[in-house]
Amino acid sequence: MQHSDDDGRRPDVTTVEVIGGPEAVHVDLLPYDERWPAVFAEHRDRIRQALGAGGSTVGIEHIGSTAVPGLAAKPIIDVLVTVDDITAEEDHVELLLAAGYVLRVREPGHRLVRTPERTVHVHLYEHGARAVEDYLLFRDRLRSDAEDRALYEATKRELFRRQWDDMNDYADAKTDVIEAIRARARAAR
């Protein structure tokens, strides 16, 4: 049993735990698939059903490239779930594991579960986390700005020409472009 802070919350983890270790990129960049929103909707409903009994307020959003019509993407649906307390894993992570997802990452402020087939990644954050705003800002900018959408796709295509032994290295290689697009989105607000 974990001890809680004075405010009743448990301390969060302080390290990054990646269950299963580094994974190579073994998927292709595919043209936008009109079925991706329906796959998201299936998982949104599955997540909602799994977390519904907890009584906490949960937000569920489609994020990542599969959430942007017209954008080429890895065929992995990214789902953003916001919860009241990231450390109360019995209220979300454990319920998602019982619903068939598997734990991949536990790190400060963030948990990641995914389908065993690795086709859906569910990112859990607390309401109001900076990462939540960043994900939604980026998604909405790509949905509304054709130039930034084209820039991001070109960046991904260039990076996909390389071999990546760790998916995280591929993700890190996109950081500068993502930050520049987010900066333009903030400036345009």
Side-chain angles (χ1 to χ4, degrees), residues 12 16 18 25 27-45 47-48 51 56-86 92 104-115 118-162 164 166-189:
D12 197 4
V16 176
V18 179
V25 177
V27 293
D28 291 321
L29 205 56
L30 301 179
Y32 181 78
D33 188 328
E34 298 290 337
R35 295 172 295 186
W36 287 338
V39 174
F40 162 74
E42 289 171 28
H43 285 273
R44 178 198 60 215
D45 295 347
I47 292 163
R48 202 174 271 148
L51 301 183
S56 63
T57 308
V58 174
I60 305 172
E61 295 274 353
H62 189 183
I63 59 168
S65 295
T66 62
V68 180
L71 183 62
K74 298 184 310 295
I76 298 171
I77 306 298
D78 285 296
V79 181
L80 174 66
V81 175
T82 54
V83 298
D84 293 331
D85 180 356
I86 196 68
H92 43 76
R104 172 65 177 152
V105 176
R106 181 183 283 120
E107 62 185 333
H110 175 238
R111 306 297 185 269
L112 172 67
V113 299
R114 65 184 180 186
T115 56
R118 303 177 183 175
T119 56
V120 178
H121 290 178
V122 181
H123 301 267
L124 294 116
Y125 289 94
E126 283 187 10
H127 301 297
R130 174 67 186 256
V132 171
E133 177 189 350
D134 286 350
Y135 276 122
L136 298 177
L137 184 70
F138 185 68
R139 177 202 64 193
D140 293 347
R141 177 68 177 197
L142 292 181
R143 283 177 172 175
S144 66
D145 189 284
E147 285 184 27
D148 277 339
R149 188 169 50 251
L151 169 65
Y152 187 56
E153 182 169 320
T155 300
K156 293 192 316 176
R157 287 191 184 286
E158 175 61 33
L159 293 173
F160 252 82
R161 290 188 180 103
R162 304 183 206 164
W164 298 95
D166 186 341
M167 181 80 88
N168 293 310
D169 293 339
Y170 163 76
D172 291 345
K174 300 183 296 184
T175 300
D176 290 345
V177 170
I178 291 170
E179 286 303 321
I181 292 170
R182 277 193 199 127
R184 284 191 289 279
R186 282 190 185 92
R189 272 201 236 175

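Along the sequence shown, residues carry numbers from 1. Just so it is clear, the structure is predicted and the values come from calculations on it, not from any experiment. Just the heavy atoms: all of them, side chains too, but no hydrogens, waters or symmetry mates, feed the values below.
Using cut-offs of 30° and 60° on the angle between ring planes, the pair H123 and H121 is perpendicular. Aromatic ring pairs are classed by plane angle as parallel below 30°, tilted from 30° to 60° and perpendicular above 60°; the pair W164 and Y170 is perpendicular.
Minimum heavy-atom separation, R111 to E107: NH1-O, 2.8 Å. Closest of all the heavy-atom pairs between P69 and A67 is CD-O, 3.5 Å.
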- Message: Assess the residue pair I77 and H43 against the criterion (side-chain contact (heavy atoms from CB on, under 4.5 Å)); give the C-alpha distance rounded to whole Å, side-chain angles, the decisive distance to 0.1 Å, and a yes or no.
- Response: CA-CA 9 Å; I77 306 298; H43 285 273; 6.0 Å; no
- Query: Would V68 and Y32 count as a side-chain contact (heavy atoms from CB on, under 4.5 Å) if you check the C-alpha gap in whole Å, the side-chain angles of each, and the deciding distance to 0.1 Å?
  - Reply: CA-CA 8 Å; V68 180; Y32 181 78; 6.0 Å; no
- Message: Please determine whether side-chain contact (heavy atoms from CB on, under 4.5 Å) holds for the pair I76 and T66, giving the CA-CA distance in whole Å, both sets of side-chain angles, and the decisive distance to 0.1 Å.
- Response: CA-CA 7 Å; I76 298 171; T66 62; 5.9 Å; no
- Under the side-chain contact (heavy atoms from CB on, under 4.5 Å) criterion, do R114 and V105 qualify, and how do the steps go? CA-CA 10 Å; R114 65 184 180 186; V105 176; over 6 Å; no
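No donor-acceptor distance shorter than 3.5 angstrom exists from the side chain of D28 to the backbone of L30, with no hydrogens or angles considered. Distance alone, capped at 3.5 Å, places no donor-acceptor pair between the W36 side chain and the S65 backbone. Put simply, the side chain of R182 never gets that close to the backbone of R141: no donor and acceptor are under 3.5 Å apart. A side-chain donor-acceptor contact under 3.5 Å links R149 to the backbone of L142. With hydrogens and angles ignored, the 3.5 Å screen pairs a side-chain donor or acceptor of R139 with a backbone N or O of H62. Here the side chain of K156 pairs no donor or acceptor atom with the backbone of L29 at under 3.5 angstrom. Under a 3.5 Å cut-off, the side chain of E153 and the backbone N or O of L71 do not form any donor-acceptor pair.
At a threshold of 4.5 Å between non-hydrogen side-chain atoms, the residues V18 and R104 count as touching. L124 places none of its side-chain heavy atoms less than 4.5 Å from the side chain of R106. Counting only heavy atoms from C-beta outward, the side chains of V39 and D33 never approach each other to under 4.5 Å.
Dense packing is recorded around CZ of R184, with more than 12 heavy atoms of other residues, nucleotides or ligands lying under 6.0 Å away. By the 6.0 Å contact criterion, CG on D172 is enclosed, its count of non-hydrogen atoms from other residues, nucleotides or ligands being greater than 12.
Rounding to the nearest 0.5 angstrom, the gap separating the OG1 atom in T82 from the NE2 atom in H92 is 10.5 Å. Taking CD1 of I178 as the start and CG of L137 as the end, the distance is 12.0 Å to the nearest 0.5 Å. Note that CZ of R118 and CE of M167 are 8.5 Å apart. Values are rounded to the nearest 0.5 Å. Residue L80 holds its CG atom at 6.5 Å from CD of E61, rounded to the nearest 0.5 Å. Expressed to the nearest 0.5 Å, how far CD of E42 lies from CZ of R35 amounts to 11.0 Å. Taking CG from D12 and NE2 from H110, the interatomic distance works out to 11.5 Å, rounded to the nearest 0.5 Å.
Listed by chain and residue number, nothing satisfies the salt bridge (charged side-chain N to carboxylate O under 4.0 Å, His left out) test with D78 (two or more places apart in sequence, or in another chain). By the side-chain contact (heavy atoms from CB on, under 4.5 Å) test, N168 is found to be paired with D166, residues two or more places apart in sequence or in another chain being considered.
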